[in-house]
Amino acid sequence: MVTMTAIRSTPAIEDRPPAVIDIRELEVRFGPASGSSLLAVDRVAFSIAQGEFVSLVGPSGCGKTTILNLLTGLLQAEVSGDMTVLGKPPKAGNPDIAYMLARDSLLPWRTALGNVEYGMEIRDVPKSVREQRAMELLREVGLGDFANAYPKALSHGMRQRCALARTFALESSVFLMDEPFGALDAQTKLTLEDVLMRLWSSHRKTVVFVTHDLAEAIALSDRVIVMSARPGRIVRDVPIPLPRPRDVRALQKDPHFHELYAQLWALLEYGATDK
Amino acid sequence: MRIRWTLSVLGHLLFIVFFLGIWEAASRSSLLDPTFFGRPSGILSYLWKGLIVDRTLWNELGYTLLAAAISFLGGSIAAVVTGLLFSVLPRLHRAAEPYLTLLNAMPRIALAPLFLLWFGLGIGSKIAVGASLSFFIVLSATVAGIRGVNSDHLTLSKALGATQRQIFFKVTLPSAIPVVFSGLRLGLVYSLLGVVGAELIAAEHGLGQTLAYLQSTFSMDGVMAILLLLAGLGLGVTTLMNRLERALLVWQ
Ligand SMILES: Nc1ncnc2c1ncn2[C@@H]1O[C@H](COP(=O)(O)OP(=O)(O)OP(=O)(O)O)[C@@H](O)[C@H]1O
Ligand SMILES: [Mg+2]
């Protein structure tokens, strides 16, 4: 695994492989341009290497979504610091990025297949390739029999799988996921985490994964970045040295898993009462 | 299922026969004055004569339907186009909104005499009244539909790099269609209402004109028959639109 220590705001170590995502001294303010603006993100810095799975955890309102939105280039805010994705500054519609939102945001007038195709359609993937790839991914997430179903006929978990398939169908190299399983019940969540792990290990994407669920963060990630309450700062960047491939369900009984959980929990509490 | 349905139809039939029977009996005794309330047998014979024997009612029905259809098509096409234009030019929308609200607040039936003056006694004035009703209904539905687009869908599309054009055709438009459709359904009913209302005030033809004439000659059987016909027409029109909607919007 790559560079698990000393990633925090220390100056870059030159012999590291080039980072896919690099954020330095990021400060974000909202509100009126002068004076009483609100500091949302405070001197955040981290970098993520190719193929790494990194989770971002922290109290509500600490700027996790803001950071993802900045990486996609969707957010216009008062920003200082440096931010690059694959060496380039963020721009809206960057084909290197696939964004997955908390809610499935499936288009209700498209079938499951049509929804998986939607992202590729916007990115001009030819029709024949699109259909085949969409079908493959639907099968991978276990929705092969539901290709022609409309979202209204899918359960919550199935819709989220469909959204997962849509995201992976993009074949972007960087995935930004904002609490994609936040609204699911515990069982469905474990199933989808498994699906995500399978997809991730076969497609090897770089992932930034925002979650409130520490167990989820540990089970999935190579590193977990803990942030403090607003203004969001990095409390610590914690490596997760659990061997892969991981079985999300079996991990729940692993003592090492529980140690990490306790450690992260303490950091989170510390960050919440920081000031 | 089948039996349930048959039973329910049977129940309704029984109720109608019972209701008409009481009405007929009451009007034949001195309980109900047939000059004011008509009587079922008279209504049926009026319809029989008008629709089957000398067929004069078909002609009037045709005038009303034609005016309603033209005013609905004209009014709603103009409304959808205006609504889409507003979504592309929000500043135009903001500028036009107060005037539109003012116009819409006017009771359109009260404008009918004016329209009669401008467009004459014929079908033109009827179309104007009907269209002035359906236009505003469909316009506000179109605007609401476009405004109601899910912001997650927009975020997702922008993150994917969709152009304004793609967002409009792939997200905004399809998501507005169900709302526009319910506006169209209402607009159709109101077109019919506007046309009949204008015909009541002054016309040479149409069910409304027939109704006004029958009323003035105290032919209550005829009045009731026309009312029944109009109700049936409204029902038919709504059912048709519902069918169309279900066929078109399977995903709902
Ligand atoms: N468009 C905006 N305008 C003004 N303030 C904003 C805007 N977006 C976010 N904020 C503020 O920035 C802070 C961070 O918001 P953000 O949505 O990034 O939090 P988060 O960490 O994703 O929280 P949660 O876990 O609840 O999703 C919040 O305090 C919020 O009030
Ligand atoms: Mg958030």
Side-chain angles (χ1 to χ4, degrees), chain A residues 65 68-76 85 90-112 114-125 148-154 159 162-163 166-167 169-172 174-180 183, chain B residues 1 76 79-81 83-84 87-88 90-91 138 141-186 241-252:
Chain A
T65 301
L68 293 195
N69 281 339
L70 281 170
L71 286 169
T72 53
L74 289 182
L75 190 70
Q76 304 300 319
V85 179
K91 71 169 205 296
N94 183 350
D96 295 324
I97 290 181
Y99 195 6
M100 182 167 171
L101 289 78
R103 286 166 297 231
D104 57 64
S105 59
L106 296 181
L107 304 173
W109 52 88
R110 283 177 178 243
T111 58
N115 269 290
V116 178
E117 281 186 54
Y118 179 64
M120 295 187 276
E121 205 175 303
I122 297 292
R123 293 196 172 166
D124 295 325
V125 177
N148 293 317
Y150 286 96
K152 69 160 183 195
L154 301 177
R159 284 205 292 273
C162 187
R166 176 182 60 200
T167 314
L170 289 173
E171 302 198 327
S172 300
V174 181
F175 279 31
L176 307 178
M177 311 180 102
D178 194 356
E179 302 184 46
Chain B
M1 230 21 233
S76 52
V80 169
V81 169
L84 295 182
S87 86
V88 186
R91 288 179 59 187
V138 177
T142 309
V143 168
I146 288 171
R147 264 200 199 134
V149 53
N150 184 332
S151 63
D152 279 353
H153 294 163
L154 296 181
T155 311
L156 176 83
S157 305
K158 283 183 201 148
L160 286 165
T163 59
Q164 285 299 322
R165 202 188 142 81
Q166 281 177 316
I167 290 180
F168 184 78
F169 284 106
K170 290 181 194 282
V171 180
T172 313
L173 212 54
S175 85
I177 283 174
V179 187
V180 174
F181 223 101
S182 57
L184 287 176
R185 189 170 36 208
L186 204 63
M241 287 298 272
N242 283 339
R243 287 264 167 85
L244 195 65
E245 184 174 5
R246 233 172 303 148
L248 243 48
L249 302 174
V250 273
W251 54 270
Q252 276 227 304

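Computed over heavy atoms, backbone and side chain alike; hydrogens, waters and symmetry mates excluded. Note on naming: letters A, B, ... go to the chains in the order of the sequence lines (proteins, then strands), and numbering restarts at 1 for each one.
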For Leu107(A), which atoms come within 4.5 Å of any heavy atom of chain B: side chain, backbone, both, or neither? both
When the 4.5 angstrom heavy-atom criterion is applied to Leu170(A) and chain B, the contacting part is side chain
Pairs of heavy atoms under 4.5 Å with chain B: top-ranked of Gly119(A), Ala98(A), Ala92(A), Ala153(A): Gly119(A)
Verdict with reasoning, Trp109(A) to Leu173(B), per side chain to side chain contact (heavy atoms under 4.5 Å, CB included): CA-CA 11 Å; Trp109(A) 52 88; Leu173(B) 212 54; over 6 Å; no
With a 4.5 Å limit on heavy-atom distance, are the side chains of Ser157(B) and Tyr118(A) in contact? yes
For residues Thr155(B) and Thr72(A), determine if any side-chain heavy atom of one lies less than 4.5 Å from a side-chain heavy atom of the other. no
My understanding is that only residues two or more places apart in sequence, or in another chain, count here; which of them pass side chain to side chain donor-acceptor pair (under 3.5 Å) with Ser172(A)? Arg123(A)
Counterpart residues, side chain to side chain donor-acceptor pair (under 3.5 Å), relative to Asn69(A) (two or more places apart): Tyr99(A)
Compare every heavy atom of [Y] with every heavy atom of [X], then report the nearest pair and how far apart it is.
X         : Y         : result
Gln166(B) : Glu121(A) : NE2-O, 4.3 Å
Gln252(B) : Lys152(A) : O-NZ, 2.9 Å
His153(B) : Ser105(A) : CD2-O, 3.6 Å

Using a heavy-atom cutoff of under 4.5 Å, enumerate the residues of residues 174-186 of chain B that contact chain A, numbered in order, or state 'none'. Pro174(B), Ser175(B)
Can you list every pair that meets salt bridge (charged side-chain N to carboxylate O under 4.0 Å, His left out) and has a residue in residues 141-167 of chain B, with sequence neighbours left out? Arg103(A)-Asp152(B)
At a 4.5 Å cut-off on heavy atoms, which part of Thr163(B) comes close to chain A: side chain, backbone, both, or neither? neither
About how many Å separate CG of Leu156(B) and OG1 of Thr167(A), when rounded to the nearest 0.5 Å? 8.0 Å
